[in-house]
Engineer: 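Dropping a structure here in structure tokens format, bear with me for questions.
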Amino acid sequence: MPHPFRLYNTLSRQTEDFEPLRPGHVGLYVCGMTVYDHIHVGHARAMVVFDTFVRYLRHRDWEVTFVRNFTDVDDKIIRRAGEIGDDPVALAARYIAYFHRDVANLGLGMPDAEPRVSTSIDAIVELIEALVRRGYAYQSEGSVWFAVENFDGYGKLSGQKLDELRSAEEMPGKRHPADFALWKAAKPGEPTWPSPWGDGRPGWHIECSAMAKASLGDTIDIHGGGLDLVFPHHENEVAQSECGNGAHFARYWMHNGLLTMASGQKMGKSLGNVINVHDALDRFPAEALRLYYLQNHYRSPLPWGDEALPDALGMLARLYEAREVAESFGGEEDAERVVSDLGEDAATVWKLGNAFADRFHEALDTDFNTAAALAHLFELSRAINRLGNHKKAKKRAGSVVAPALTAFALCGKALGLMNQTSLAFDEEVKSKRLAALGVDPSRVDGLLEERTAARAAKDWARADAIREELDGLGVVVMDAADGVRWRVRLHD
RNA sequence: GGCGGCAUGGCCAAGUGGUAAGGCAGAGGACUGCAAAUCCUUUAUCCCCGGUUCGAAUCCGGGUGCCGCCUCCA
């Protein structure tokens with residue numbers, strides 16, 4: 001490897017060379033969803049980031065075991081179920097199904113395992129028993145608490161100090177305000193399981209420790225999740241796992257930044273400012289969302305606004321357009337010779353195309369910098385378009401452009417972008433955008449035919465009037481030498 | 001109050017020592033029956049003040065502002 005793979009590690013607050021426990025193999029655990037509602041575009045960022053990360057690691061020939069859990073037993077689920085008079089486990093199962101539908105529509109791959117709390121109770125109980133046995137947990141009134149004061153390392157991930165925590169909840173039976181529940185004694189109406197401490201259910205944090213251990217072992221390579229989980233959730237996972245297993249828990253902690261609103265606030269269910277993935281995908285192609293996420297570094301806050309998806313779709317259309325131009329070059333002459341005949345613009349495409357893979361990989365190998373990697377693709381696209389303006393080049397430069405086409409394919413494989421044919425992309429955009437604008441496609445077709453007839457008759461006034469009408473519908477007409485093309489306005 | 005992070009052109013944004021990628025928007029131009037797309041040109045005292053260095057957006061100190069977490073949250 002010409003350069004090491006580097007990752008920012010929340011634990012050390014530094015970018016480090018990544019070296020997995022077992023050479024060539026990566027064990028990755030990502031905190032998934034607590035399933036009591038539809039996922040919104042903020043959740044989707046985390047899903048897309050880690051899906052793409054796994055995709056890239058595999059592209060780079062790492063063998064990856066990717067585990068992403070569902071928390072399907074939890075206070076919020078129980079509360080929601082109570083509100084609508086439903087069974088908590090059934091409610092969670094329903095939202096797991098919605099989740100699977102949404103991530104499939106987003107174009108994400110499936111993790112290698114998707115453990116759930118409700119089917120991991122044995123592992124959870126076992127881990128709690130170990131914690132009790134080792135003196136890190138205590139029983140009180142049918143519940144079991146983790147004793148934070150018994151773990152010297154408490155706070156090492158988040159940098160929190162026990163005596164500086166603002167207002168950890170005082171609860172009867174807790175020794176220290178920051179102690180947290182491993183097992184909660186049964187209450188009427190809640191799902192319960194038997195345990196050595198009586199009937200009850202797991203606390204919030206223990207499931208991830210137990211499921212990570214069950215699927216990946218005591219020490220995992222990378223643990224991921226949203227930045228808002230660092231404290232207390234991940235801090236508590238560290239405590240549970242390291243005290244229960246007597247081993248270092250996660251070697252690298254990867255946290256994605258949150259979506260922020262124009263106001264600067266994050267998008268969150270509790271703030272009531274969410275956009276569901278389902279709704280976004282009705283109006284925009286999945287790849288537009290993907291590009292929107294990947295054009296920013298995964299650790300940065302990502303601003304959401306009305307322009308976010310239209311802008312991303314515009315960028316994506318630009319890339320598809322450039323790839324189409326690249327595909328339209330002909331000729332199989334020796335590339336070097338064509339370059340020397342055609343001059344600078346051809347030389348640029350040849351050079352950028354050939355250098356692409358190295359530059360692309362270098363960006364992604366440096367803390368997964370998708371923003372920088374994509375910038376290279378845009379640079380290449382401009383060079384292709386520039387060359388495409390020369391008629392001579394269109395006939396002869398096929399071999400010169402070949403490496404550029406490989407670059408687009410590479411981006412598809414490594415990042416999951418540009419994976420459709422131009423035709424499929426174009427049709428997806430048109431159908432989703434026309435639907436979003438409430439325009440009947442057959443009306444567009446009719447107007448286009450009428451306009452073509454008017455143009456054939458050189459009735460420019462009529463043609464322009466129809467263009468105006470189409471524009472009013474959100475349809476932009478583009479006359480080209482080889483026929484009429486059209487696009488739908490990207491904004492709602 | 002504590003912990004952590006961030007401040008780059010009109011907007012979004014990459015960039016951890018050698019005078020600033022990329023995208024969006026704006027202006028002018030080429031192309032076009034007119035347009036669109038595309039291309040060309042064009043916009044940066046890198047929050048402020050000190051310091052280290054031959055040299056800093058990049059390192060150190062101080063200040064200001066914003067965000068996240070400390071309660072559920074991807």
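Convention: sequence-line order gives letters A, B, ...; per-chain numbering from 1.
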Engineer: So which nucleotide from B/rG23, B/rA14, B/rA74 ends up closest to the side chain of A/H43?
Structural biologist: B/rA74
Engineer: Tell me whether A/R6 is salt-bridged to A/D17, with the criterion being a basic N under 4.0 Å from an acidic carboxylate O.
Structural biologist: yes
Engineer: State the pairing partner of B/rU38; accept Watson-Crick or G-U wobble contacts with both distances under 3.5 Å, and report none otherwise.
Structural biologist: B/rA30
Engineer: In this structure, how many angstroms lie between the C1' atom of B/rG23 and the CD atom of A/E321, rounded?
Structural biologist: 16 Å
Engineer: Between B/rU32 and B/rA44, how far is it from one C1' atom to the other, in whole Å?
Structural biologist: 35 Å
Engineer: For A/F53 and A/L28, what are the C-alpha separation, side-chain angles and deciding distance, and is it a side-chain contact (heavy atoms from CB on, under 4.5 Å)?
Structural biologist: CA-CA 10 Å; A/F53 182 64; A/L28 170 67; 4.2 Å; yes
Engineer: Figure out the CD/P separation between A/E307 and B/rG10, and round it to whole Å.
Structural biologist: 18 Å
Engineer: Hey, does A/G32 reach any base, or is it just sugar-phosphate, or nothing, if we go heavy atoms under 4.0 Å?
Structural biologist: sugar-phosphate
Engineer: Within the structure shown, what part of the strands sits under 4.0 Å from A/N385 by heavy-atom distance: base, sugar-phosphate, or nothing?
Structural biologist: sugar-phosphate
Engineer: Look at the side-chain N and O atoms of A/N369 and state whether any lies under 4.0 Å from the OP1 or OP2 oxygen of B/rA14.
Structural biologist: no
Engineer: Write down the distance separating the P atoms in B/rA56 and B/rU52, rounded off to the nearest Å.
Structural biologist: 11 Å
Engineer: Take the protein atom CD of A/E164 and the nucleotide atom C1' of B/rC70, then report the distance between them rounded to whole Å.
Structural biologist: 11 Å
Engineer: Mapping A/R455 and A/S381 onto RNA chain B by nearest heavy atom, which one lands closer to the 5' end?
Structural biologist: A/R455
Engineer: Rounded to the nearest angstrom, tell me the gap between atom CG in A/L387 and atom P in B/rC40.
Structural biologist: 12 Å
Engineer: Respond yes when some side-chain nitrogen or oxygen of A/R467 is under 4.0 Å from OP1 or OP2 of B/rA36, and no when none is.
Structural biologist: no
Engineer: Tell me if the side-chain of A/D75 makes a donor-acceptor pair with the base of B/rC72, cut-off 3.5 Å, by modelled atom types.
Structural biologist: no
Engineer: Taking pairing as Watson-Crick or G-U wobble with both contacts under 3.5 Å, can you name the mate of B/rU64, or confirm there isn't one?
Structural biologist: B/rA7
Engineer: Give A/H376 one of three labels, base, sugar-phosphate or nothing, depending on what nucleic acid heavy atoms sit under 4.0 Å from its own.
Structural biologist: nothing
Engineer: Using the C1' atom in both, what is the distance from B/rC60 to B/rG10, to the nearest Å?
Structural biologist: 33 Å
Engineer: Quick check on ring pair (Phe, Tyr, Trp, His ring centres under 6.0 Å): which of A/F249, A/Y252, A/F66 does A/H223 satisfy it with?
Structural biologist: A/F249
Engineer: So if I take every side-chain heavy atom of A/P303 and compare against B/rA13, B/rA37, B/rA74, which nucleotide ends up nearest?
Structural biologist: B/rA13
Engineer: Between A/S300 and B/rA14, does any side-chain N or O lie under 4.0 Å from OP1 or OP2?
Structural biologist: yes
Engineer: Under a 3.5 Å cut-off for both distances, is B/rC69 Watson-Crick or wobble paired, and to whom?
Structural biologist: B/rG2
Engineer: Please give the distance between the P atoms of B/rG65 and B/rU53 as a whole number of Å.
Structural biologist: 31 Å
Engineer: Go through B/rA74, B/rC72, B/rG22 for me and flag the one nearest to the A/A375 side chain.
Structural biologist: B/rG22
Engineer: Do A/S12 and A/E16 get their side chains close enough for a donor-acceptor pair, meaning under 3.5 Å?
Structural biologist: yes
Engineer: Roughly, in whole Å, what's the span from CZ in A/R299 to P in B/rG15?
Structural biologist: 8 Å
Engineer: Across all strands, who's sitting opposite B/rA25 as a Watson-Crick or G-U wobble pair, both distances under 3.5 Å?
Structural biologist: none
Engineer: Would A/H38 and A/D279 count as having a side-chain donor-acceptor pair, cut-off 3.5 Å?
Structural biologist: no
Engineer: Under 4.0 Å, counting only non-hydrogen atoms across every strand here, what does A/R451 touch: a base, just sugar-phosphate, or nothing?
Structural biologist: base
Engineer: Between the side chains of A/D479 and A/R485, is the shortest nitrogen-to-carboxylate-oxygen separation below 4.0 Å, so that they form an ion pair?
Structural biologist: no
Engineer: If I take atom CZ in residue A/R386 and atom P in nucleotide B/rC39, what distance separates them, rounded to the nearest angstrom?
Structural biologist: 8 Å
Engineer: By centroid distance (under 5.5 Å) and plane angle (under 30°), are A/F378 and B/rG22 in a stacked arrangement?
Structural biologist: no
Engineer: When the P atoms of B/rG50 and B/rA37 are compared, how many Å lie between them, rounded to an integer?
Structural biologist: 47 Å
Engineer: Is it the case that the side chain of A/R45 and the backbone of A/G257 share a donor-acceptor pair, with hydrogens and angles ignored and the cut-off at 3.5 Å?
Structural biologist: yes
Engineer: Using a heavy-atom cut-off of under 4.0 Å over every strand shown, decide if A/Q160 touches base, sugar-phosphate, or nothing.
Structural biologist: base
Engineer: Is A/R382 near enough to B/rG22 that one of its side-chain N or O atoms lies under 4.0 angstrom from OP1 or OP2?
Structural biologist: yes
Engineer: Going by purine N1 to pyrimidine N3 plus the second Watson-Crick contact, or the G-U wobble pair, all under 3.5 Å, which nucleotide sits opposite B/rU16?
Structural biologist: none
Engineer: Determine the contact category for A/D464: base if any of its heavy atoms lies under 4.0 Å from a base atom, sugar-phosphate if only primed atoms, P, OP1 or OP2 are that close, otherwise nothing.
Structural biologist: base
Engineer: Look at A/R318 and B/rU38 and indicate whether a side-chain polar atom (N or O) is within less than 4.0 Å of OP1 or OP2.
Structural biologist: yes
Engineer: Under 4.0 angstrom, heavy atoms only, what part of the nucleic acid is A/L227 near: base, sugar-phosphate, or nothing?
Structural biologist: nothing
Engineer: If pairing requires Watson-Crick or G-U wobble contacts with both distances under 3.5 Å, which nucleotide is the partner of B/rA44?
Structural biologist: none
Engineer: For A/R443, I'd like to know if atom CZ has over 12 heavy atoms of other residues, nucleotides or ligands within 6.0 Å.
Structural biologist: no
Engineer: Determine the Euclidean distance between corresponding P atoms of B/rC70 and B/rG51; express it in Å to zero decimal places.
Structural biologist: 40 Å
Engineer: Nearest of B/rC70, B/rC3, B/rU38 to any side-chain atom of A/N389?
Structural biologist: B/rU38
Engineer: Of A/F231 and A/D311, whose closest RNA chain B nucleotide lies nearer the 5' terminus?
Structural biologist: A/D311
Engineer: Would you mind classifying the nucleic acid contact of A/G225 as base, sugar-phosphate or nothing, using non-hydrogen atoms under 4.0 angstrom?
Structural biologist: sugar-phosphate
Engineer: Could you give the distance separating B/rU58 and B/rC72 at their C1' atoms, to the nearest angstrom?
Structural biologist: 38 Å
Engineer: Once you round it to whole Å, what is the distance between C1' of B/rG4 and CG of A/D228?
Structural biologist: 13 Å
Engineer: Which whole-number value in Å describes the distance from A/D367 CG to B/rG15 C1'?
Structural biologist: 13 Å
Engineer: Picking from B/rA13, B/rC3, B/rG33, which would you name as closest to the side chain of A/N296?
Structural biologist: B/rA13
Engineer: When all nucleic acid strands are considered with a 4.0 Å heavy-atom cut-off, which category describes A/V477: base, sugar-phosphate, or nothing?
Structural biologist: base
Engineer: Salt bridge or not between A/K432 and A/E428? Use side-chain N to carboxylate O under 4.0 Å.
Structural biologist: yes
Engineer: Between B/rG5 and B/rA20, how far apart are the two P atoms, rounded to whole Å?
Structural biologist: 28 Å
